[in-house]
2 protein chains.
Amino acid sequence: MIFFSSIYLGYICFMGVLRKTKSVKLLLSEFEKQSTAISAITLIERLQSKMNKTTIYRVLEKLEDDGFLHSFLGKNGYKWYAKCTNCSSAEHHDVHPHFQCTDCGKVDCLSKDALIPNIPNRKVDVSRVVLQGKCEDCFT
Amino acid sequence: MIFFSSIYLGYICFMGVLRKTKSVKLLLSEFEKQSTAISAITLIERLQSKMNKTTIYRVLEKLEDDGFLHSFLGKNGYKWYAKCTNCSSAEHHDVHPHFQCTDCGKVDCLSKDALIPNIPNRKVDVSRVVLQGKCEDCFT
DNA sequence: TAATTAACGCAACCAAGTTGCAATAAATAT
DNA sequence: ATATTTATTGCAACTTGGTTGCGTTAATTA
Ligand SMILES: [Mn+2]
Ligand SMILES: [Mn+2]
Ligand SMILES: [Zn+2]
Ligand SMILES: [Zn+2]
């Protein structure tokens, strides 16, 4: 039997089978205090005294399913996560490029309109774009 | 003491410390008979009876250093290789997007002019673009 | 407060890619 | 042709980001 619960965490609202556990709150708070993307590896480093890495991967996956986070692969094929804007479990509509600074390692989401144009004779579904270079802070 | 040798394999010419070994010839022939990109995993599968996977990774790395192949990370963070055009050990000037078919898995290089525009306040050095969707064959 | 079951911790596992080292085989010198 | 040099190879062991199975714990509901 499936049951639904509304979970309010600050100003965020989820609909779905997601419990307001200590782990969920801890992970969410990381994305509250930081607006840029965070790699799974970094989260494991930061939270390893407070929760198991298996739990981290599992909660991240669930938060992505729920449309609160989106994921992508960074520089070395490592997994990164960042907050969604206006996504739900029904649909992720925030496919956009990401920028990683080769100096400080910071990753942020770029606006959608920096997307690749369509390719002739092919139907583009997903566009995984990772730009690398110097960010605002490290450039000047 | 360093020595130089010109190695001619078909119409391809290398300058550098690269021996015309059985392994090098085998790997090169794979890129001769196929114009699309090939993943390291696929090459290991295909050639495992003929050479060790360590050798495959090492030869691929060397061919990339020599400007004959370029590499990029595909769908699951796996390493892919494709032929360069007019690159050398001195400089790789073939940064371009890649297209992977979600149906048949084929990956090919796209033309340079499909590149991302510049981003304000940031200096873009590398642009790793992997588009996914249906290729010509699988689309129609 | 008790019952239900999603979520957790742990340990073992998986797989792509790397490393150290002794053996081998291209290329060069004689 | 043969000996010498040393880049390259095979093998086994390792590294590491991420996954899986399962018994226990704790969030939610009755
Ligand atoms: Mn993003
Ligand atoms: Mn290419
Ligand atoms: Zn930076
Ligand atoms: Zn296809």
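Fair warning: this is a prediction, and the values are worked out from it, not measured in the lab. Values below: every heavy atom of this structure, side chains too, minus hydrogens, waters and symmetry copies. Quick note on labels: first sequence line is chain A, next is B, and so on, each numbered from 1.
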When rounded to whole Å, the NZ to P distance for the pair A:K25 and C:dA7 reads 14 Å
Does B:R19 make a side-chain donor-acceptor contact with the base of C:dA27, cut-off 3.5 Å? no
Between NZ of B:K22 and P of D:dG10 the distance, given in whole Å, is 8 Å
Separation of D:dT9 atom P from B:E61 atom CD, nearest Å, is 12 Å
query = Within less than 4.0 Å of OP1 or OP2 of D:dG18, is there a side-chain N or O belonging to A:K79?
reply = no
Distance test, side-chain N/O of A:K53 to OP1/OP2 of C:dG9, below 4.0 Å
no
Rounded to whole Å, CG of A:L26 lies from P of C:dG9 at a distance of 10 Å
Correct closest heavy-atom pair for B:Q48 and B:E45 would be CG-O, 3.6 Å
Looking at A:T21, does any N or O in its side chain come under 4.0 Å of the phosphate oxygens OP1/OP2 on C:dA7? no
Closest of D:dG21, D:dT8, D:dG17 to the A:T54 side chain is D:dG21
To the nearest angstrom, the CG-C1' distance between B:N76 and C:dC14 comes to 14 Å
**Message:** Quick check: any donor-acceptor pair below 3.5 Å linking the side-chain of B:R58 to the base of C:dG17?
**Reply:** no
Residues B:L110 and B:H96: closest non-hydrogen pair is O-CB, 3.4 Å
Between CD1 of A:I56 and C1' of D:dT16 the distance, given in whole Å, is 16 Å
B:Y81 OH to C:dA16 P, in whole Å, measures 15 Å
Parallel, tilted or perpendicular: ring planes of A:W80 versus A:F72, cut at 30 and 60 degrees: parallel
inquiry  = Over all strands shown, is A:I44 touching base, sugar-phosphate only, or nothing at heavy-atom distances under 4.0 angstrom?
reply    = nothing
With the side chain defined as heavy atoms from C-beta on, A:N52 is closest, among C:dC10, D:dG10, C:dG17, to C:dC10
| message | With a 4.0 Å cutoff (strictly under), does any side-chain N or O of A:Y57 reach OP1 or OP2 of D:dT19? | response | no
* To do: Give the C-alpha distance, both sets of side-chain angles, the deciding distance and a yes or no for side-chain contact (heavy atoms from CB on, under 4.5 Å) between A:K79 and A:L60.
  => CA-CA 10 Å; A:K79 211 154 191 191; A:L60 287 174; over 6 Å; no
Of B:L73 and A:V59, the one whose closest nucleotide on DNA chain C sits nearer the 5' end is A:V59
Here the distance between atom C1' of D:dT8 and atom CG of B:D65, to the nearest Å, is 15 Å
Here the pair of heavy atoms bringing A:S23 nearest to A:M51 is CB-CE, 3.3 Å
